[in-house]
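Here's the structure, in structure tokens; my notes come after.
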Amino acid sequence: MDAITIKNLNYAYPNGHYALKDINLNIKKGARFVILGSNGSGKSTLLHHLNGLILPQSGTIEVFNQHINKKNLKAIRKKVGVVFDTPDDQLFATSVYDDIAFGPRNLGLSEPLVNEAVEKALKAVDIVKLKNQSPYALSLGQKKKASIAGVLAMNPDILVFDEPFSGLDHGSIEYLLTIFNELSHKGCTLIITTHNVDLAYSWGNECVLLKDGEILEQGSMHLLEDSQLMTSSHLRTNILATLFEETPFNPRTIDDAKALLKKYMYTERN
Ligand SMILES: Nc1ncnc2c1ncn2[C@@H]1O[C@H](COP(=O)(O)OP(=O)(O)OP(=O)(O)O)[C@@H](O)[C@H]1O
């Protein structure tokens, strides 16, 4: 089943610039989907369409077979949570707690249920101790975590993250990946944009490459091993594919690569 189906989507900004041109895309339920492309290729514009922040000018977008339109935005936003790359756009209340509570309150949940959702989300991103602080007094990484918690508290089926790893330290990235894995195991569909090709390669299971508002290629993460394709997308081939290029091996993670090297060295020695 498709979580998202996009057909013939075009979008031009008011100045006439076409940021998306004839986009056709299916994102399966439960996918770990990565949108890749150089600066200005249309990734954010595409994400803004997924919960109706921008409505299609031509073409259609369906979320679990329901067309996004002006009338059903509330229902769509219950299903699709988007975390933008600029957390300041998402944080506006006087405390982190109230910011995260905004979504569940808007859904009409009772205050005890709101509290339960907020506490769970605070714990998930490890910012319980920041709950009474003003969002404006947080560091960029902490703001990012607070805006992620705001979306987690809504418990959507589809979670969309624009550049989730940028501005986060290594420990926070690892922590976020654990949250992503838990959501994935629960059956959520995860969609991210990133410039981090190595993380995308080890984390994702489907991807699309955008260039100048058009789809250059879509398919499995093996696309990221194609150095010609990556160069024409102005992206770097992922490091593991480069290292193992001339070998029959195809490790997807550092741990897989380590295990292979260990096995190979052991066989050589004996
Ligand atoms: N408000 C706007 N008005 C006019 N053009 C815009 C506007 N916002 C974005 N664009 C243009 O649309 C194109 C796509 O922009 P978008 O932000 O979607 O790219 P992106 O792939 O997310 O880039 P980045 O990796 O730099 O975040 C770019 O050429 C950009 O200049």
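Note that the structure is predicted; figures quoted are calculated from it, not measured. Note that ligands are numbered from 1 as they come in the structure, with each ligand's atoms numbered from 1 the same way.
Using a 4.0 Å cut-off between heavy atoms, N15 contacts ligand 1 through its side chain alone, with no backbone atom that close. Residue H195 touches ligand 1 through its side chain alone, judged by heavy-atom distances below 4.0 Å. Here H17 has side-chain heavy atoms under 4.0 Å from ligand 1, and that is the only part of it that gets that close.
Ring centroids of H48 and Y11 are separated by 6.0 Å or more, keeping the two rings apart.
In this structure, the protein non-hydrogen atom closest to atom 23 (O) of ligand 1 is G40 N, 2.8 Å. Nearest protein heavy-atom contact of atom 17 (O) of ligand 1 is S44 CB, 3.8 Å. Distance from atom 18 (O) of ligand 1 to its nearest protein heavy atom, with residue and atom name: T45 OG1, 2.5 Å. Distance from atom 10 (N) of ligand 1 to its nearest protein heavy atom, with residue and atom name: Y13 CE1, 3.4 Å. In terms of protein heavy atoms, atom 21 (O) of ligand 1 is closest to K43 NZ, 2.8 Å. Annotation: atom 26 (O) of ligand 1 to nearest protein heavy atom, N39 ND2, 2.9 Å.
Looking at G42 next to ligand 1, an N or O pair under 3.5 Å apart turns up. Close N/O approach between G37 and ligand 1 is not found [any backbone or side-chain N/O within under 3.5 Å].
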**Study point:** Pair L50-I191, side-chain contact (heavy atoms from CB on, under 4.5 Å): steps then yes or no
**Key:** CA-CA 10 Å; L50 300 184; I191 302 168; 4.1 Å; yes
Practice item. Assess whether side-chain contact (heavy atoms from CB on, under 4.5 Å) is satisfied between L36 and L224, documenting all intermediate values. Key: CA-CA 10 Å; L36 290 148; L224 309 193; 3.5 Å; yes
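At a distance under 4.0 Å, a protein heavy atom can be found next to atom 3 (N) of ligand 1. For atom 7 (C) of ligand 1, the nearest protein heavy atom lies closer than 4.0 Å.
Side-chain contact check for D212 and Y18: no donor-acceptor pair (N or O, by modelled atom type) lies under 3.5 Å. Under 3.5 Å, the side chains of T5 and N26 contain no donor-acceptor pair of N or O atoms. For the residue pair S172 / K144, no side-chain donor-acceptor distance below 3.5 Å is found, with atom types taken as modelled.
Salt bridge annotation for K43-E163: absent, with no cationic side-chain nitrogen under 4.0 angstrom from a carboxylate oxygen. Using a 4.0 Å cut-off between charged side-chain N and carboxylate O, K78 and D157 make no salt bridge.
Applying the 4.0 Å criterion to heavy atoms of S38 picks out, from ligand 1, the atoms 21 (O).
The aromatic rings of F161 and F180 are tilted relative to each other, their planes meeting at an angle between 30° and 60°.
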